[in-house]
Structures are given as structure tokens and as C-alpha cells.
Peer 1: 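Questions regarding the structure given below will be posed in turn.
Read the numbers this way: they start at 1 and go in the same order the structure lists the ligands and their atoms. One is the number of the first residue; the rest follow in order along the sequence.
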Amino acid sequence: MGFRPRTIIEPFRIKSVEPIRSTTAEHRRAALAAAGHNLFLLHADDVLIDLLTDSGTGAMSSAQWGGMLQGDESYAGSRSFYRLEQAVRQITGLKHVIPTHQGRAAERILFGTVCGPGDVVPNNTHFDTTRANVEFRGAEARDLLIAEGRQPGLYHPFKGNMDLARLEATLAEVGRERIPLCMITVTNNSGGGQPVSMANVRAVSALCHSHGIPLFIDACRFAENAWFIKQREEGYADLTPLLIAQELFSYADGCTMSAKKDGMANIGGFLALNDDAWAQRCKDLLILGEGFPTYGGLAGYDMEAIAIGLGEALEEDYLRYRVRSIEYLGEKLIAAGIPIIQPTGGHAVYLDAGALLPHIPPGQYPAQALCGALYLAAGVRAVEIGSVMFGRPRPDGGEEPASLELVRLAFPRRVYTQSHVDYLAEALEYVAARREQIRGLHMVYQAPTLRHFTARFEPL
Ligand code: F0G
């Protein structure tokens, strides 16, 4: 008679609530026009459900809030630092733990220390800030994702995997002297939040180490990745996410981390690594830009929140709910015939706007137009990952479009409930049913770099 529920519930109850604001269609139309049809420029108060990012937008637990009162704000030797160091070491086994204010600061310090002009850094797919920090050093950021990872409708259990043959070819072509390190991003955010298999990390590590090249993990969503390994990779079903994460990090020589994701905190990050000489140089740079090595860019209470959050991110009930809530939305959209990247990833659903809006050419930014339509219809904020973000100017004055026109619906951790997701699916069905009415956009302002944050548009 054992009750075996089909419904996977939110594994928490709500102790503190924050109202969200409904607006009229008229109000949203005015707000969108004032924002130049760029959702980054909206006031967050004009948004009902905010899926712009899963970064720093999660809800902390009562244990984390309680822990924050225990934060030790000592400038040097803070007890909270040693708690964070212990939590990171337990999961990663890495020797030196260097706290930073967020992930990109860890990237800047790492690449600022080990990377120079003419170098090449391979990765499955660099996240934008990672790429920018590599390129800022005059080096090349080279993406070596498996071919399956670039086909939205194709099922593959580990679409974030690195292409080993292309990595081998890069090692042979470039040579060890010009590859300071290799990176692997778990999960692969820019490619749809897709996981990397343990076998792939193991093989990449062996290949790199046979050439004397260290492997670093961009660990932002390491816990979600561990959950996918547990679900999909043979031999891992009976292991805890912690044990899986420990094995994954055992193949690496270091990691960068944004604790705004699987650190379950609103701010923070760290760099962790084994090499003593590199760590010393990184700490010197840390002092220059972030702070003393026992707090980096963080308050003592932030380090407490992260130390506790890292453990919570690995809890099975949490991960089951987390990944299921993304999959649940994906199932509804697939049933409604809305094209998405399949299978769904760990932190977001990615809509294939190019396939949904074939009447809008890439030069008229179909994914940006879809973001606007979704906001107008339902007050939902998503983010464009297409030609606004990745389009590149051509010598003839035109523009080279991105390879895919995607809209990312990224879920803050522990924030929205199943009824929010049901509402979202309804809203997307409504918008998709009226797809012909959606018009393209004309870009009227763009900044020279990272234009997607501030670009302005007019409807065509
Ligand atoms: N690496 C990955 C894979 C990321 O997704 C991010 C941030 C970073 C590094 C940088 O971390 O923001 O703490 O400096 N991703 C956020 C997003 C911004 O919306 O996907 P950060």
C-alpha cells in the first residue's frame, strides 16, 4: 500500500513571501517601448515572473539566513572563510580556496595569472564572461563542443560533452606551450544547460594530463550536472550527488565558481586550485582587486551563506525538484508543439525562436522579438541568446547572425512554484498561437561591446 506519488513537490515550505506585481497590457506596452524593446532595461517591478537569469536570484534557506548572523567579519583569518574553505575542499578536494565577489572575478584572476597573448584556451563552450576574460588577455577562447550539442531537436544524454577528437587536434596544432589550461563548463550554459558526462570529463582530463596541461572546471552548475550523471550515466544511479561531484572534481586541477548558481547565494564565487605557485600569484592579484585572501570580495556573512548553500545544492530532494521543474515546463511546451532545445537542461528551458518564427529573418532578431511578445502578453521576462548577443559585424557592413536564435527561460532557485510554471506554459501557448502577428525588430542603438545589455530597438 506504499504511497508512490507521481507529483514531485517543492521540497520546502515558504516562510517569507515577496509580492509580485500584475500589470495591465497597456502598462507593459508603455514600459517595453520606454525600454527600447530591450528587457534588460525594464524596471524589475514591471515584471511578473522574472526568468532573465538563475544567477544570484534564488531564495536562501532559513539555515543560510541563520548562518549569516554567525558571519565573522574579521579582516584577516575570518572563521567564515575557514568554513567556506572546508565546504569547498570537501566537494572539490582542491587545495587552495580563493574567495571572489562572483564568478567572473575568479576568471579574471585565473586568466590574468596564467594566460597571455597568442595562447589558446579550449572549453566545451565558453560562457560570455569567460570568453571575454580570455580574449582580454589577447588569447583565443576555442569552443570544442560535440556536434550533437549544436542541434536543438536532437536527443543526446550529454550534449555538453567536449569533442575529444577536436581537442586532440587542437593540442597537436597549438602545442602545450601555448595552452596554459583546458576548461570544461558544467553544465554547458551557452549550449542549453546541457550536462557533461563523467566519462567525458575523465577522458578530457587524461588527454590534457598526457600533454602536461591542467584541467579547470567552470563549476557554476556542478550540482545539477551531478544529478544528470546520477540519472543518465551507467554506474552512478546509487551514488549520492556529493560522491559524484567529488569524483568529477578529482579529475581537475582547479575550478572557477559563481556561487550565485549552485552556491545558492545572492552573491559570491571562488577560485580553487592545487598548484602552489599559481595560487600564490592568484592571491597577489586577488589582494590588488578583491581583498585579503580570507575574504576576497565577500563579507563574512556571504561566505557563511555559500558554505551552507553548497551543501543544500547537493541534496537529492532539491535536485530532483529542480531538474523536474525544468523538464515539466519542457514537456508542456513540446506537447503544445513549441520548439525547444531537447532534452531540457538543468537551469533553463531554451526556446528555438528561429524555428517558431520562420517569417522573421535573423537580421530582424526573432528571439528578441519573441522576448518582447512574451512580456507584452504575460509580464514574463526572458533573455535573448541569439543574434543580438552573438551577431558579428561583417566587412561589407552587414551582420553575421548567430548560429541559433534562442530565448532562455532561466529559473531562479527555490523561487517559483508549479502554478507559476503552469501560467508560463499557458502564456507561451498563447504567444505561439499568435506567432504570425509577431514582427521583427530594427536595432537603433548598439554599444561597441556586449551590446545586448544596452541595445535599443524599434518594431518593424
Ligand atoms: N560561467 C558560467 C557558465 C556562467 O553561467 C556564468 C554566469 C559565469 C561563469 C559568470 O559568473 O555572473 O558570477 O560572474 N552566468 C549568468 C547567467 C550571468 O545568466 O547565465 P558571474
Peer 1: With sequence neighbours left out, write down each residue that passes ring pair (Phe, Tyr, Trp, His ring centres under 6.0 Å) with F136, or none if nothing qualifies.
Peer 2: none
Peer 1: Assess whether a salt bridge exists between R104 and E107, defined as any Lys/Arg side-chain N lying under 4.0 Å from an Asp/Glu carboxylate O.
Peer 2: no
Peer 1: What residues, two or more places apart in sequence or in another chain, satisfy salt bridge (Lys or Arg N to Asp or Glu O under 4.0 Å) together with E168?
Peer 2: none
Peer 1: Specify whether F411 and Y416 have parallel, tilted or perpendicular ring planes, treating 30° as the upper limit for parallel and 60° as the lower limit for perpendicular.
Peer 2: perpendicular
Peer 1: Check each protein residue for a heavy atom under 4.0 Å from ligand 1 and list those that pass, ordered by chain and number.
Peer 2: T53, S55, Q102, G103, R104, E107, F127, T129, T185, N189, D218, C220, R221, S258, K260, K261, R408
Peer 1: Taking 4.0 angstrom as the limit, do R320 and D317 come out as a salt bridge?
Peer 2: yes
Peer 1: Suppose the criterion is ring-ring contact (aromatic ring centres under 6.0 Å, His included): which pairs have a residue in residues 290-318, not counting sequence neighbours?
Peer 2: Y75-F292, Y75-Y295
